A.B. asks: 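My questions will all concern the structure given below.
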Amino acid sequence: MVRIDTELLSNRRVAEGYFELRFRWPAAGRPAPGQFLTVRAREGSDPLLRRPFAFASHDGTRDEATIVIQERGSATRALATLEAEAKLDLLGPLGHGFAFPERGTEPVLVAGGIGVGPMLFLRAALEAAGTKSRFVLGARTAALVPEALLPRGAGVEVRTDDGSLGAKGTAADAVTALLPEARAALYACGPAPLMAALDRIATERGWPYQAAVEEWMACGVGACMGCAVPLKSGGFLRACADGPVLDGRLVKWD
Amino acid sequence: MVRIDTELLSNRRVAEGYFELRFRWPAAGRPAPGQFLTVRAREGSDPLLRRPFAFASHDGTRDEATIVIQERGSATRALATLEAEAKLDLLGPLGHGFAFPERGTEPVLVAGGIGVGPMLFLRAALEAAGTKSRFVLGARTAALVPEALLPRGAGVEVRTDDGSLGAKGTAADAVTALLPEARAALYACGPAPLMAALDRIATERGWPYQAAVEEWMACGVGACMGCAVPLKSGGFLRACADGPVLDGRLVKWD
Amino acid sequence: MGLNDATRAPGGAERDPFAPDLSVRIGPLVLPNPVGVASGTFGYGEEYAALLDTDALGAIYTKAVTVEPRAGNPAPRLAETPAGLLNSIGLANPGLETFVRDKLPALRARRCRTIVNVAGATVDDYVRVVEGIEASGGVDGYELNVSCPNVKSGGMAFGTDPRLVALVTESVRRATKRALVVKLSPNVTDIAETAHAAEDAGADAVSAINTLVGMAIDVKARRPRLAMKTGGLSGPAVKPVGVAAVYRVSRAVKIPVIGLGGIMTAGDALEYLLAGADAVQVGTATFVEPDAALRVLEGIEAWMRENRVARVADIKNLLEE
Amino acid sequence: MGLNDATRAPGGAERDPFAPDLSVRIGPLVLPNPVGVASGTFGYGEEYAALLDTDALGAIYTKAVTVEPRAGNPAPRLAETPAGLLNSIGLANPGLETFVRDKLPALRARRCRTIVNVAGATVDDYVRVVEGIEASGGVDGYELNVSCPNVKSGGMAFGTDPRLVALVTESVRRATKRALVVKLSPNVTDIAETAHAAEDAGADAVSAINTLVGMAIDVKARRPRLAMKTGGLSGPAVKPVGVAAVYRVSRAVKIPVIGLGGIMTAGDALEYLLAGADAVQVGTATFVEPDAALRVLEGIEAWMRENRVARVADIKNLLEE
Ligand SMILES: Cc1cc2nc3c(=O)[nH]c(=O)nc-3n(C[C@H](O)[C@H](O)[C@H](O)COP(=O)(O)OP(=O)(O)OC[C@H]3O[C@@H](n4cnc5c(N)ncnc54)[C@H](O)[C@@H]3O)c2cc1C
Ligand SMILES: Cc1cc2nc3c(=O)[nH]c(=O)nc-3n(C[C@H](O)[C@H](O)[C@H](O)COP(=O)(O)OP(=O)(O)OC[C@H]3O[C@@H](n4cnc5c(N)ncnc54)[C@H](O)[C@@H]3O)c2cc1C
Ligand SMILES: Cc1cc2nc3c(=O)[nH]c(=O)nc-3n(C[C@H](O)[C@H](O)[C@H](O)COP(=O)(O)O)c2cc1C
Ligand SMILES: Cc1cc2nc3c(=O)[nH]c(=O)nc-3n(C[C@H](O)[C@H](O)[C@H](O)COP(=O)(O)O)c2cc1C
Ligand code: FES
Ligand code: FES
C-alpha cells in the first residue's frame with residue numbers, strides 16, 4: 001500500500017459519461033485485479049472524502065495503471081475534467097483481489113455497467129497467465145458500452161437492456177444460457193440486482209462465485225467499519241479490507 | 001444591477017499574487033468607479049459565498065470590464081487559475097461609487113496594496129472627464145506593485161515600505177507631504193491603518209475624503225446587515241449598500 | 001454571455017395535463033407554494049426585488065422586528081466556515097414604529113405572502129410587536145424567533161426552555177388570529193420538547209432550524225472572527241442537522257413543520273419535505289444565487305410532475321422507512 | 001511522482017535553539033504531544049500503521065470497546081454531506097474479551113499512548129470494560145463515550161443528562177486511577193453542564209465534541225441514506241460547533257479540555273487550542289489524508305516556534321478577547 005502524488009498521463013472518454021484515466025503508478029504498489037485505490041478528487045472540502053475506484057489495468061514495465069470511472073457526482077465530475085499532467089493524490093492498492101480459478105474450471109467474467117474496470121484487469125491477468133476466459137458485459141444501452149476497452153478475441157459477449165448493442169437482455173441472462181453442467185467459475189462486478197442474480201445461478205449450480213462489492217467508504221483501509229457488507233448468515237464484512245472480492249454466495253444482496 | 005454568466009477574456013499576472021481578470025460586461029450594467037461586483041468562484045460549497053471585487057476598469061464600447069485580484073484564500077486562488085473562455089457568474093454593479101470632486105479641489109487618489117483596482121478606474125474616469133488627479137500607490141515591496149497597470153503621465157507616485165520601488169515610506173506619508181493649504185480631495189482604498197491615517201490628515205486639514213471600505217459580505221445587496229461598518233458617531237452603515245464609498249471622516253477605522 | 005432570466009415564473013409554458021397543487025396551509029393562511037425566503041437573509045423584500053420576482057415566492061419571512069430600533073452587534077459580523085456561514089448580526093432592525101411606517105406598506109404592495117419574524121428580550125416585547133403590527137392592519141402571519149438570548153432567564157435563549165416557548169407562544173396567540181409560526185432552536189437536547197410546547201400553546205406551525213451556535217478563530221490575529229465571539233451557523237454544513245430535526249419534530253407534532261437549514265437546491269428541499277416538512281425556507285443560498293428560492297421551487301414542481309405527486313403534503317408520505 | 005514521506009518525524013533536523021515543549025498532562029498521564037487520533041477513525045491502531053508512524057502521535061484513542069462483541073448497525077452506515085460525514089457504525093467492535101486478547105498486546109507494543117474509548121448501555125457496562133482492561137494490565141487511559149443511547153433512561157444518550165454523566169464518571173473513577181477522559185456530546189442545550197458534572201465526578205479531562213445528530217435522504221430512492229435513518233455528523237462542517245463548545249467548556253471547568261471536530265489542518269487545531277483546548281484529536285481528516293494528524297502536529301510545532309510559544313498550554317492564553 002502506498003500513498004503517492006502521481007501524474008495523470010491521459011484521460012479519455014470511452015463511453016457516455018465513462019472515462020479512462022491513465023497515470024503513473026509505482027512498482028512498489030503492484031495491484032492485483034479486484035484491488036482498488038482511493039483518490040482525493042480535489043483540495044478542499046467539496047467533495048470531502050477520498051473516492052474508491054478499482055484498478056482496470058496495470059503495466060509493470062512502464063509503471064502505469066488505469067481506472068475507468070463513470071461520472072456520477074462531484075468527485076467523478078472533477079476527475080472527468082482533469083487533463084494530462086494533472087496531479088493525482090492516490091492511495092492503494094487496497095483490499096483483496098480475485099483468486100485465480102481452480103484447475104478445471106472455466107472462468108466466466110461478468111461486468112455490469114461501470115463494473116467493467118476490474119473485470120478488464122482480471123481478463124488481462126488471466127490471459128497473461130495463459131488462462132482463457134469468457135467475458136460478458138451488460139449495459140443499459142450501446143452508448144454506455146466502452147467498446148474501445150473491450151477485450152478482443154473469442155468469448156466476449158455484450159448484452160444491452162434495449163438491444164442496441166449485442167443481444168437484448170442482461171449479463172445474467174448470458175450466464176444462465178451457459179450449460180448447467182459446465183464447470184464455470186463466476187467472477188463479477190456490477191449493480192446489486194446482477195450480483196444477486198449471479199448468486200442464485202452460482203448457488204443453484206454449485207459454481208464458485210467471486211464478487212467484487214461496492215459500498216460507501218470512509219477510510220478504505222479497514223479502520224472505520226463504515227463499509228459493512230451484510231452477510232446472509234448475519235454479521236458483516238468490510239468491503240475495503242475483507243473485500244472488495246468476497247464469496248458472492250455469502251453476501252446478502254438486497 | 002445584473003446577474004450574468006459571462007466569459008473571461010483574459011487573466012494575467014500583474015504582480016506577485018495579483019491578477020487582472022478581463023471579462024465581457026453588458027452595457028446594461030454600466031459600473032461607476034468604486035462600485036463592485038460579486039463572483040461565485042466555483043460551483044459547490046467550497047468556497048460557499050460569492051466574493052466582492054471592485055471594478056478596475058470598464059470599456060463601454062467593447063462591453064468589457066476588469067477586476068484586479070490578490071490571491072488570499074480559496075476563492076481568489078480559484079479565480080487566479082481561471083483561463084480565458086472560463087465562465088464567470090457575476091452580479092453587479094453593486095453599491096455606490098465615488099462622487100466627482102467639487103470644482104476647485106484637486107483629487108488625490110490613494111491606493112494601498114490591492115486597493116489599486118478601484119483607484120485605477122477612478123483615475124481613468126476623471127481623466128476621461130478632463131480632470132487631472134494625483135495618484136499615489138503604496139505597497140509593501142516592489143514585487144507587489146502592478147507596474148503594467150499604473151497610470152502613465154504626471155502626478156503618479158509609488159511608495160514602498162522597504163524602498164524597493166519609488167520612495168521608501170507609506171502612501172500616507174506621500175499625502176502628508178502635500179501642502180496643508182492645498183485644496184485636495186482625498187479618495188482612497190486600502191488597508192485600515194492607511195485609511196485611518198488619511199482620516200487624520202483629512203480631518204486636520206478639512207479635506208473631503210471619500211473612502212472605499214472593505215468588510216466581509218454575505219449578500220452584497222443590503223439585505224443581510226452583515227457588512228456593518230462602524231461609525232465614530234455610533235451605529236453602522238452597510239459597506240455594500242450604503243458604501244462601499246463612504247465619507248472617510250465618519251468611519252471608525254480601528 | 002446572457003442575462004439570467006431570474007424572473008421566469010416556475011412551471012413554464014409546456015402543457016402537461018398533470019398540474020401538482022403547490023399550495024400549503026399554515027393555520028388560517030394558504031401559501032401559494034412551499035418555498036419561502038428565510039428571515040434575515042432577504043431583508044424586508046426590497047433589496048432582492050431587482051434580481052427575482054418576489055411575487056413568485058411562497059412567502060417572505062422578514063428580518064426580525066423588535067420593539068425598539070437596534071443597530072446590531074459590533075463588526076465583524078460574518079465569517080465563512082466550511083460549507084457554512086457564521087453570523088452575529090444581532091437583530092439589527094429599524095424597530096416596530098419605523099417598520100410599520102416605512103417597510104410594511106411596500107411589503108403589503110407585493111403580491112407575495114409576508115410573515116414577519118418577531119424577536120425580543122421579554123415575552124412582552126413579542127406581544128408588543130405583534131400588537132403593533134395588528135393595530136396597523138396586520139400581515140399574513142408571524143414567525144417567533146425564540147432563539148435570541150433572553151435577559152430574564154439568565155442569558156439562555158427562550159427557545160431552549162419549553163416553558164418559555166409555551167409562554168411566549170400563548171401570549172402572542174392571544175394577540176393575533178393570523179398564522180403563527182414558532183421558529184425552533186436546534187441548540188437543545190430534544191427539539192421535540194420545544195416543538196410540543198409551541199403546539200400546545202397554540203402555534204399554527206413550527207419552523208426548524210434556526211442557526212447552530214458556532215465559533216471561528218482567526219489564528220493569525222489570535223482573535224475570534226466575530227466581534228461577538230460566537231455566532232449562528234447556517235448553510236449547507238447544517239443541512240443534516242436540520243433534516244434530522246424536521247424528521248423528529250414532524251413525528252412529534254401534528255401542526256405543519258417548515259424546514260430550513262442549508263437548502264441550496266430542489267434536492268435539498270425535497271430532503272426536508274420527505275423528512276416531514278410541509279414547506280421550506282431558503283436562507284444562505286440566496287446570498288450565493290439570488291434566485292435560489294425560485295430554482296428550488298421550479299425543481300420541486302418538476303419533481304412532483306415527474307413522480308405524479310398531487311400535493312406538496314403528499315411528499316412526506318413517500319419516505320420509505 | 002514521489003512517495004509521500006508520511007513517517008517523517010515532526011520538527012525536522014534544523015537546529016533551532018528554541019524548542020517548544022509539546023507535552024500535555026491529562027491527570028496522571030503525560031502525552032508527548034497534543035495531537036491524537038479520534039475514536040472510531042483509527043481502529044485499534046493497526047490499519048493505518050503502514051501509512052504513518054503511529055509512534056509519533058500524541059495518543060491513539062481507540063474505537064469504542066463494549067462488554068459484548070457488537071456487529072454494528074445495518075448498512076449503509078456512511079453518507080457524505082456538505083463538508084461532512086454522517087456515520088451510524090453503531091459501536092461495531094470485537095467486545096472486551098477479544099479486545100484484551102487480540103488487540104491490546106499490539107497496542108501496548110506501540111510506543112504511542114493508548115486511550116481506550118469505552119461504551120455501554122448501562123453504567124455497569126462501562127465499569128466492566130474498564131475493570132476488564134485494568135485486570136489485564138491496563139492502558140494509558142480511558143475515554144468514556146457517553147453519547148450512545150441509554151436503554152435505561154428511555155433511549156436518551158447518557159451524555160445529555162448531567163446526572164447520568166456524573167454517575168458513570170464516578171463509577172468508572174472508582175475502577176481506575178489512570179487518566180479518565182469524558183467525551184461530551186454536543187447534542188445538548190448547555191454543554192457546560194455535562195462538563196461540570198464530569199469534572200465534579202472525578203474526570204481528569206473532557207473531550208468535545210462527539211458527533212452531531214444528523215440525517216440525509218436519498219431523494220431518488222426516497223429513503224434515508226443511512227439504514228439507521230439518523231447518524232452522527234463529523235468533519236469540517238462541525239468545526240465551528242466544536243470550537244464554540246470548547247470555548248464554553250474551557251471557561252466552565254478547570255480540568256484539561258481535548259478539542260475535536262473537523263480538524264483538517266494545523267490552523268484548525270490552533271483554533272481549538274486558542275479557544276481553550278489543551279490537546280486535540282483528528283478524526284475524519286485521517287480518512288482524507290492518512291497522515292493528517294502528523295501534519296497537524298508539525299504545523300502546531302512550526303507555529304509555536306515562529307511565535308515563540310514555549311508550551312502548548314500557553315496557546316490558550318494568546319486569544320485576544
Ligand atoms: C471498491 C470500490 C470500487 C469501485 N470502483 C469503481 C470504478 O472502477 N469505477 C467507477 O466509476 N466507480 C467505482 N466505484 C464507485 C465510485 O467510488 C463512486 O461512483 C464514486 O465514489 C462517486 O463519487 P461522486 O462524488 O462522483 O458521487 P457522489 O456524489 O458521492 O454520489 C453520486 C451518486 O452515486 C451513487 N454512489 C456513489 N458512490 C456509491 C457507493 N460507494 N455505493 C453506492 N452508491 C454510490 C449514489 O447513488 C450517489 O447518490 C467503486 C466503489 C467501490 C467501493
Ligand atoms: C467592496 C469590496 C471590494 C473588494 N475589492 C477587491 C479587489 O478589487 N481586489 C481584491 O483582491 N480584493 C478585493 N476585496 C477583498 C476580496 O473580496 C477578498 O480578498 C476575497 O473575498 C477573499 O476571498 P478568498 O476566498 O480568496 O479568501 P478567504 O479564504 O475568504 O480569506 C483569506 C483571508 O483574507 C482576508 N479577507 C478576505 N476577505 C476579507 C474581507 N472582505 N474583509 C477583510 N478581510 C478579508 C482574511 O484575513 C482571510 O483570512 C474587496 C472586498 C470588498 C468588500
Ligand atoms: C445573516 C443572517 C441573518 C439572520 N437573521 C435572522 C433573524 O433575524 N431571525 C431569525 O429567526 N433567523 C435569522 N437567521 C436564520 C435564518 O433565518 C435560518 O434559520 C438559518 O440561516 C438557516 O437556514 P439557511 O442555512 O438556509 O440559511 C439569519 C441567518 C443569517 C445567515
Ligand atoms: C466512522 C466514525 C466512527 C466513530 N466512532 C466513535 C466511537 O466509537 N466512539 C466515540 O467516542 N466517537 C466515535 N466517533 C466520533 C469521533 O471520535 C469524533 O468525535 C467525531 O468524528 C468528530 O471529529 P472529526 O470531525 O475530526 O471526525 C466516530 C466518528 C466516525 C466518523
Ligand atoms: S471504509 Fe473504513 S472500514 Fe472499510
Ligand atoms: S453584505 Fe449583506 S447587507 Fe451588506
Side-chain angles (χ1 to χ4, degrees), chain A residues 1-9 23-29 38-41 43-51 63-64 73-75 87-91 94 213-231 233-241 251-252, chain D residues 1-6 37-38 40-52 62-64 69-94 225-227 231 234-237 239 262 264 283-291:
Chain A
M1 179 177 18
V2 293
R3 165 131 182 262
I4 59 163
D5 283 319
T6 186
E7 191 191 311
L8 185 64
L9 296 171
F23 47 86
R24 290 231 168 280
W25 186 258
T38 61
V39 56
R40 187 173 188 194
E43 297 267 306
S45 60
D46 184 10
L48 178 63
L49 295 174
R50 306 178 75 83
R51 294 292 198 268
D63 281 348
E64 295 178 10
S74 60
K87 288 273 160 272
L88 282 179
D89 170 353
L90 301 180
L91 172 64
L94 300 172
V213 300
E214 277 196 18
E215 258 306 331
W216 294 95
M217 291 184 177
C219 72
V221 301
C224 76
M225 314 302 276
C227 58
V229 180
L231 302 182
S233 59
F236 301 94
L237 287 173
R238 293 166 302 179
C240 69
V251 173
K252 197 157 162 264
Chain D
M1 178 171 81
L3 292 171
N4 279 6
D5 185 3
V37 284
T41 64
F42 211 77
Y44 300 104
E46 295 159 309
E47 292 82 2
Y48 275 111
L51 289 163
L52 76 166
T62 71
K63 173 71 190 164
R70 295 207 190 179
N73 286 329
R77 296 177 177 179
L78 297 171
E80 186 170 321
T81 64
L85 170 64
L86 274 177
N87 89 79
S88 65
I89 308 297
L91 303 179
N93 85 96
R225 284 191 180 272
L226 300 178
S234 65
K239 187 181 63 166
M264 305 293 286
T284 302
T286 300
F287 302 153
V288 181
E289 301 199 80
D291 58 346

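Note that the structure is a prediction, hence the values are computed from the model and not measured. Proteins get letters first, then strands, A, B, ... in listed order; numbering begins at 1 in each.
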A.B. asks: Indicate yes or no for a side-chain donor-acceptor contact from D:E80 to the backbone of A:L49 under 3.5 Å, with no hydrogens or angles considered.
C.D. replies: yes
A.B. asks: Would you indicate whether the side-chain heavy atoms of A:V221 and A:C240 approach each other to under 4.5 Å?
C.D. replies: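 Side-chain contact under 4.5 Å: no.
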A.B. asks: Output the option from A:L91, A:L48, A:D46 having the highest count of non-hydrogen pairs under 4.5 Å with chain D.
C.D. replies: A:L48
A.B. asks: Examine whether an atom of D:N73 lies under 4.5 Å from a heavy atom of chain A, and if so say whether it belongs to the side chain, the backbone or both; otherwise answer neither.
C.D. replies: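 Just the backbone, heavy atoms under 4.5 Å.
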A.B. asks: Heavy-atom pairs under 4.5 Å with chain A are the metric here; pick the option from D:G235, D:A237, D:A71, D:A79 that has the most.
C.D. replies: D:A71
A.B. asks: For a 4.5 angstrom cut-off between non-hydrogen side-chain atoms, does A:T38 reach D:F287?
C.D. replies: no
A.B. asks: Under 3.5 Å, is there a donor-acceptor pair between the D:T286 and D:T41 side chains?
C.D. replies: no
A.B. asks: Look at A:R3 together with D:E289 and state whether they make a salt bridge at an N to O cut-off of under 4.0 Å.
C.D. replies: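 Looking at A:R3 and D:E289, the cut-off is met.
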A.B. asks: In terms of heavy-atom pairs under 4.5 Å, which option from D:P290, D:P76, D:G72 contacts chain A the most?
C.D. replies: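 Heavy-atom pairs under 4.5 Å are most numerous for D:P290.
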A.B. asks: Please flag which part of A:L88 lies under 4.5 Å from any non-hydrogen atom of chain D: side chain, backbone, both or neither.
C.D. replies: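 Neither part, no heavy atoms under 4.5 Å.
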